[in-house]
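Structure, as structure tokens:
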Amino acid sequence: MEPKIAQKAWDPKLENAILKKWEEEKIYDFQLSDNNYTIDTPPPYPSGRPWHIGAASHYAQIDMIARTARMSGKNVYFPIGIDRNGLPVELYTEKKHGIRMRETERGEFLELCENALDDLEAEMIQIMKSLGLSGDFKNYYRTDSEDYRKFTQETFIDLWKKGVIYLATRPNNYDWVSGTTIADAEIVYEEIPTKLVYMKFITKETKKEIIIASTRPELLCACKTVIVNPNDERYSDLIGKELIVPLTNSEVKITPHHSAKIEFGSGAVMVCSYGDQNDVALFRELQLDEVIAIGLDGRMTEVAGGYQGLKPKQARTKIIEDLENANLVEKIEDISHRTPLSERSKTPIEIVPMEEYYLKQKDSLEKMKKLGEEIEFHPNMHKQILMNWLESISIDWPISRRRFYGTEIPIWYCNECSEPFVPEPGKYYRPWKDKCPAEKCEKCGNMEFTGEERTFDTWMDSSVSPLFVTKFNRDEEFFKKTYPTAIRPQAKDIVRTWLYYTLLRCEKLTGEKPWSEAWIMGYGLDEKGMKMSKSKGNAIDPLPVIEKSGADTFRFWSASEINQGYDFRCSEQKIESTRKFLSKLWNVSRFLSSFPVIKSGQLSESDKWILSELDKLISVCKEGYSKYNFFIPSTAIREFTWNIFAAQYIEIAKARAYGIGFTDEERDGAIFTLHKVLSTILKLLAPITPFITEHLWQTLYSQDSIHEENLPDIENLNDMSEMTQLLSEFNSKVWNEKKQKELSLKDSIKIDVPEILNQFKKDLIAMHNLESN
RNA sequence: GGGCUUGUGGUCUAGUUUGGUUAUGAUGCUGCCUCGACAUGGCAGUGAUCGAGUGUUCAAAUCACUCCAGGCCCA
């Protein structure tokens, strides 16, 4: 009989037609029911070309989660969104157009950002679609849409009213030339020659001289402690004693701290507000009172006494002079110092306390730990990232940014008394250009307002994704039936940001956890295990890879090569070689397509054996799927299909399937079993490789989509797995002997079937053309 | 500098939780083979002192400690 499948290999080009069919038949459309399974899909950020191949792999696996749930009988809600707020697009736009954000009119700059995002987004959507994501593309959302930003603002207003948001002045990176705070990403470091001044401090009790080296002597007035390494024997008897600071004559304590390097300078370090980021950390850790020595104008403040009004560099020259005149300098070394500069103005940044908005989090940490305990993590080890982070949180969350492309903070200030006005929720507010909705100030009656120019930290937007997709505050029934969502799939590098902030915000807004499970994926590295980056030139563009090898190949590679939660290496060669398995599956199907699909037959012992192996496979796969660990089913299916089903069983059953020397009932047993095994394999594999399984399923077994089927159930058949190795050893033995005697495989040979394989004797004799006893 | 994590044939990977024959599978390489699904195939072979060291034990890839190298996040 002619095979129904004519082509000799799986052609990835067939994927396009299948995609189109799925779209036309709307098989993944979501209708609200009582059995909803909501995925809090990560909205990817279009930060530049090409998209990260690790991210593409990540989304392929998220789709496997959706398909697994769907084939387990759940009503899957799989929203698709794009995250579009934040710094990267601003930097991308500045570079692309050769402009500067603060020198460009705000509205104009926002438009350029939006256009850039549209371009990058189009490519990401194309990749997600061609990967076969069964998500809701028709209603995909953007975090910079009016709707989403309105929602972010609403949740902020809610929290403002609850009193968990406050303004506070804390140290920030500050570029006094362009008058703005600087994100860490905008700092560049340069080696700059500077003077290391060895100054004489005096112990209060014994009047002993202690030498302390610093590159920032102008900050003596802001010195609050001196640290020494606890292992530094020179100072061990001075720990806890007081020192007199030169010139200012204030008193500070000597504190032990591991960050003091014994070999640098004199080993004793003065801690000032703020010489560098280490000072900030120490002030926080040791709970010191900060002194503001440098103001927003970039000049020394009144605490600097006689140096007030000077720029730090001028003050430094002057203070060194004064120290030398007072004989308070031991020596001065010329050194090269790694200095943080503003990328923009190329001037050294200062760390200056500035007023920003904060969201309270310190008082919620115990609650967060409890929720963290309740959420099931896949793999469980990554729960530790969250727990460790909760242990180390020491300040509240600063949520305001002095940037343009983000959700605006919806606040106006009275020009007269500075009283803040926070509007009613329900509208999208842009205070930098919109008129204040209030007629007059509630406090003083003044009618003039100034809009807030700052935007939110981008995590303020992303952290409400589960609330946005479940229509919190906008569709009560929908929300009730979809929240808390089922699962949060995400990458491991943003557990401390996205996962944590989502937990925090959702708890504060709803009192509940946002999801029951969290699924954490590792990071995609290059083939040598190094981080991929455009500058290193080792980034792999996923689009051509998917176009060449096909989405199923890419997906099967992702499933079978990536151990759950661990970092993984990406190599084009590896991806391409995965295709061999799909080819094997195709040809097995092609062979079976020459036999009719029948409902029953008389099962031989070999049929019972393969069905018992199949039963074991089902149980292994379902166990893997229940943990959303696709490595387990993909490798188990490959092993079974290739090395047991194709290599052993098909060869054993082939002669019987052709019916030569067997009764019709015996023949039908083989044909029935062949189809039963293949159709089960296809269903088991459908969540991982949706295209080829759909094509084969519809060609061989049904008009309907395989993705509307359920995963097969085990039948608890008698375990015959001890036969598997015996059969394959016997078959190898026959094949080897024929080879040694230079016989063709169809030639007859005299070998006895061993006693233990007696039950398979008839099949084995026909298979090998044995002249047997 | 701190926290978490990884290190198994040329390459990738299973096994480490709970120590126990000859360390799993894929890929690569070599040789042979067109036998009625498949040369994108079949068969056979090659190849690992399990990152290094020390310790515990009758027994260590597996447990403990130290070191080296990579990754992620935070300074």
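By convention in this document, chain letters (A, B, ...) are assigned in the order of the sequence lines, proteins followed by strands, and residues within each chain are numbered from 1.
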Check: What distance, rounded to whole Å, do you find between the two P atoms, one in B/A23 and one in B/U62?
Finding: 15 Å
Check: How far, in whole Å, is B/G31 from B/U49 if one measures between their P atoms?
Finding: 25 Å
Check: Of the nucleotides B/A14, B/A26, B/A37, which one has an atom closest to the side chain of A/R638?
Finding: B/A26
Next item on the list: Side chain of A/S577 only, please: which of B/G71, B/U27, B/A37 is the nearest?
Entry: B/U27
Checklist line | A/K8 (side chain) and B/C38 (base): donor-acceptor pair under 3.5 Å | finding: no
Next item on the list: Scan every strand shown for a Watson-Crick or G-U wobble partner of B/A44, both distances under 3.5 Å, and answer none if you come up empty.
Entry: B/U30
Check: Contact class for A/W642 vs. all strands (heavy atom < 4.0 Å): base, sugar-phosphate, or nothing?
Finding: sugar-phosphate
Notebook entry, point to check: Roughly how many Å is it from CZ in A/F631 to P in B/A26, rounded to a whole number?
Noted result: 13 Å
Item checked: Closest to side chain of A/I385, choosing from B/A14, B/C4, B/C38 -> B/C4
Checklist line | B/G25 to B/C50 separation - C1' atoms, rounded to the nearest Å | finding: 16 Å
Checklist line | Geometric class of the A/F645/A/F640 ring pair [parallel <30°, tilted 30-60°, perpendicular >60°] | finding: parallel
Next item on the list: Using only heavy-atom distances, determine whether the side chains of A/S57 and A/S558 contain a donor-acceptor pair under 3.5 Å.
Entry: yes
Item checked: Side-chain donor/acceptor of A/Y625 to backbone N/O of A/L684, under 3.5 Å -> yes
Next item on the list: Check whether any side-chain N or O of A/Y658 sits under 4.0 Å from OP1 or OP2 of B/A37, and answer yes or no.
Entry: yes
Item checked: Distance-only donor-acceptor test, A/Q7 side-chain atoms vs B/A37 base atoms, 3.5 Å -> no
Check: Considering only the P atoms, how many Å lie between B/C74 and B/G55, rounded to the nearest integer?
Finding: 41 Å
Notebook entry, point to check: Going by atom types only, do A/E651 and A/N731 share a side-chain donor-acceptor pair under 3.5 Å?
Noted result: no
Next item on the list: Would you indicate, yes or no, if B/C74 has its OP1 or OP2 atom less than 4.0 angstrom from a side-chain nitrogen or oxygen of A/N388?
Entry: no
Notebook entry, point to check: What's the closest nucleotide to the A/K574 side chain, out of B/U11, B/G36, B/G42?
Noted result: B/U11
Margin query: For B/A14 and A/N563 - does any side-chain N or O of the residue sit under 4.0 Å from the phosphate oxygens OP1/OP2?
Written below: yes
Check: Which base sits across from B/A39 as a Watson-Crick or G-U pair, both distances under 3.5 Å?
Finding: none
Notebook entry, point to check: Nearest to the side chain of A/K584 - B/U40, B/G42, B/U5?
Noted result: B/G42
Next item on the list: By nearest nucleotide on RNA chain B, pick out whichever of A/R496 and A/N643 is the more 5' one.
Entry: A/N643
Margin query: Counting only side-chain nitrogens and oxygens, does A/K580 get under 4.0 Å of the OP1 or OP2 atom of B/G41?
Written below: yes
Notebook entry, point to check: What closest approach, in Å, do A/K383 and A/I375 show between heavy atoms, and which atom pair accounts for it?
Noted result: NZ-O, 3.0 Å
Note to self: Work out how far the C1' atom of B/U8 is from that of B/A52, and round it to whole angstrom.
What the structure shows: 14 Å
Next item on the list: Check the side chains of A/E576 and A/T553 for a donor-acceptor pair under 3.5 angstrom, ignoring hydrogens and angles.
Entry: no
Next item on the list: Give A/D747 one of three labels, base, sugar-phosphate or nothing, depending on what nucleic acid heavy atoms sit under 4.0 Å from its own.
Entry: nothing
Next item on the list: Compute the ring centroids of A/H695 and A/W586, then answer whether they are less than 6.0 Å apart.
Entry: yes
Checklist line | Distance test, side-chain N/O of A/T497 to OP1/OP2 of B/C73, below 4.0 Å | finding: no
Margin query: As a test of reading the structure: which of B/A37, B/A44, B/U5 is closest to the side chain of A/Y566, going by heavy atoms?
Written below: B/U5
Notebook entry, point to check: Base, sugar-phosphate, or nothing: which does A/E576 touch, judged by heavy atoms less than 4.0 Å apart?
Noted result: nothing
Check: Does B/C72 have a Watson-Crick or wobble mate here (both distances under 3.5 Å), and if so which one?
Finding: B/G3
Next item on the list: Determine: side-chain N/O of A/R579 to OP1/OP2 of B/U40, distance under 4.0 Å, yes or no.
Entry: no
Item checked: Nucleotide opposite B/C67 in a Watson-Crick or G-U pair, distances under 3.5 Å -> B/G51
Next item on the list: Round to the nearest Å and state the distance from A/E651 atom CD to B/C38 atom P.
Entry: 11 Å
Note to self: Just to be sure I understand the rule, does A/F581 reach a base, reach only the sugar-phosphate, or reach nothing, if contact means heavy atoms closer than 4.0 Å?
What the structure shows: nothing
Margin query: If I pick the P atom on B/C63 and the same atom on B/G41, what distance separates them, to the nearest angstrom?
Written below: 38 Å
Note to self: Would you measure the distance from the P atom in B/A75 across to the matching atom in B/G70 and give it in whole Å?
What the structure shows: 22 Å
Next item on the list: Measure from NZ on A/K383 to P on B/U17 and round the result to the nearest Å.
Entry: 22 Å
Check: Toward the 5' end of RNA chain B, which comes first, A/S560 or A/E639, by nearest nucleotide?
Finding: A/S560
Note to self: Using whole Å, what does the distance between atom C1' of nucleotide B/G36 and atom CD1 of A/I650 come to?
What the structure shows: 14 Å
Margin query: Just to be sure I understand the rule, does A/I660 reach a base, reach only the sugar-phosphate, or reach nothing, if contact means heavy atoms closer than 4.0 Å?
Written below: base
Next item on the list: Using the P atom on both, measure B/C65 against B/U27 and round to a whole Å.
Entry: 39 Å
Next item on the list: Find the distance A/I652:CD1 to B/C35:P and express it as a whole number of Å.
Entry: 22 Å
Check: Rounded to the nearest Å, what distance is computed from the CZ atom of residue A/R590 to the C1' atom of nucleotide B/G36?
Finding: 11 Å
Notebook entry, point to check: Do A/K548 and A/F554 meet the cation-pi criteria used here (NZ or CZ under 6.0 Å from the six-membered ring centre, within 45° of the axis)?
Noted result: no
Check: So what's B/C58 paired with, Watson-Crick or G-U wobble, going by both distances under 3.5 Å?
Finding: B/G20
Next item on the list: Could you state the atom-to-atom distance from CZ of A/F591 to P of B/G36 in whole Å?
Entry: 12 Å
Next item on the list: Would you kindly give the CZ-to-C1' distance between A/F556 and B/U13, to the nearest whole Å?
Entry: 13 Å
Check: Side chains of A/W397 and A/D457: do they bring a donor and an acceptor to under 3.5 Å?
Finding: yes
